[in-house]
Amino acid sequence: SSCSSAQQKDCQDCFNDQKLIKESHNTYVVGQCIDQCPDEYYENTSDGTCHTCSANCNTCTSSGSSTCSACIQGYSLITADYQSYTSGLCVADCPDHYFGESNQCLLCHSSCENCSA
């Protein structure tokens, strides 16, 4: 069977390439079918389901904290690996060795401890 009740939010499968929400978040609920995975979700392309991104991600490529491609408001995206920071991580403040620009944390030149651009 492809549903558990007559409610739109109780689907187990979707028609016409729609995507199935697998985790509730914001206004989306488990079992809801939508045209495409919304912000803060990523699509599991093997089964056409939508799963939530990690905390502070607006868009991501898969599960995990370092798979963000854009961050929610108030957070910046690490764009390059350095020490314990990995590309794809969203942080509230750019750490040492990085500088902030356009909601991204860019790596300083290798000779700098800290930098402004």
Side-chain angles (χ1 to χ4, degrees):
S1 123
S2 31
C3 60
S4 57
S5 77
Q7 299 294 313
Q8 179 187 6
K9 63 180 178 32
D10 293 329
C11 300
Q12 295 167 348
D13 297 296
C14 301
F15 283 118
N16 301 325
D17 295 326
Q18 285 197 312
K19 312 304 176 207
L20 180 66
I21 297 289
K22 294 296 274 186
E23 299 167 60
S24 295
H25 182 65
N26 291 338
T27 60
Y28 299 97
V29 295
V30 172
Q32 183 178 0
C33 291
I34 56 176
D35 290 332
Q36 63 184 23
C37 295
D39 284 351
E40 300 181 41
Y41 282 85
Y42 68 93
E43 180 183 346
N44 179 337
T45 54
S46 66
D47 64 4
T49 57
C50 299
H51 300 267
T52 54
C53 295
S54 65
N56 308 322
C57 286
N58 190 51
T59 57
C60 64
T61 55
S62 64
S63 65
S65 61
S66 294
T67 62
C68 303
S69 46
C71 304
I72 62 172
Q73 188 170 3
Y75 287 81
S76 296
L77 182 69
I78 298 282
T79 59
D81 296 350
Y82 185 79
Q83 293 179 344
S84 64
Y85 296 98
T86 55
S87 179
L89 180 66
C90 290
V91 294
D93 297 301
C94 293
D96 286 349
H97 306 287
Y98 290 89
F99 66 97
E101 184 175 284
S102 302
N103 300 322
Q104 295 183 329
C105 295
L106 305 173
L107 195 57
C108 296
H109 184 271
S110 59
S111 64
C112 299
E113 172 77 20
N114 290 302
C115 61
S116 58

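Computed over heavy atoms, backbone and side chain alike; hydrogens, waters and symmetry mates excluded. Positions are given from 1 along the sequence. Predicted, not measured: the structure shown is a model, and the values here were computed from it.
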Which pairs of donor and acceptor atoms, one on a side chain in residues 72-86, lie under 3.5 Å apart (sequence neighbours left out)?
{"unit_1": "T79", "atom_1": "OG1", "unit_2": "C105", "atom_2": "O", "d": "2.9"}
{"unit_1": "D81", "atom_1": "OD1", "unit_2": "S87", "atom_2": "N", "d": "2.6"}
{"unit_1": "T86", "atom_1": "OG1", "unit_2": "S66", "atom_2": "OG", "d": "2.4"}

For residues 50-58, run the donor-acceptor check on the side chains, cut-off 3.5 Å, and write out each pair with its distance to 0.1 Å, sequence neighbours left out.
{"unit_1": "H51", "atom_1": "ND1", "unit_2": "E23", "atom_2": "OE2", "d": "3.0"}
{"unit_1": "H51", "atom_1": "NE2", "unit_2": "T49", "atom_2": "OG1", "d": "2.8"}
{"unit_1": "T52", "atom_1": "OG1", "unit_2": "E23", "atom_2": "OE1", "d": "2.8"}
{"unit_1": "S54", "atom_1": "OG", "unit_2": "G64", "atom_2": "O", "d": "3.3"}

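Between atom CD of residue Q12 and atom NZ of residue K22 there is a gap of 8.5 Å, rounded to the nearest 0.5 Å. From I21, atom CD1 reaches atom SG of C11 across 11.0 Å, with rounding to the nearest 0.5 Å. Rounded to the nearest 0.5 Å, atoms CG (L107) and SG (C112) are 10.0 Å apart.
With no hydrogens or angles considered, a side-chain donor-acceptor pair links T59 and S69 at under 3.5 Å.
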Carefully, step by step, assess Q18 and I34 under the rule side-chain contact (heavy atoms from CB on, under 4.5 Å). CA-CA 5 Å; Q18 285 197 312; I34 56 176; 5.6 Å; no
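Within the 4.5 Å cutoff, the side chain of Y42 has heavy atoms near those of the S63 side chain.
Of all non-hydrogen atoms in C108 and N114, the two that sit nearest each other are SG-C, 3.8 Å.
Proximity of a side-chain donor or acceptor of Y41 to a complementary backbone N or O of H25 within less than 3.5 Å is detected.
Among residues at least two apart or in separate chains, salt bridge (charged side-chain N to carboxylate O under 4.0 Å, His left out) pairs with a member in residues 38-55 are K19-E43.
Between C90 and C68, the SG-SG separation does not fall below 2.5 Å.
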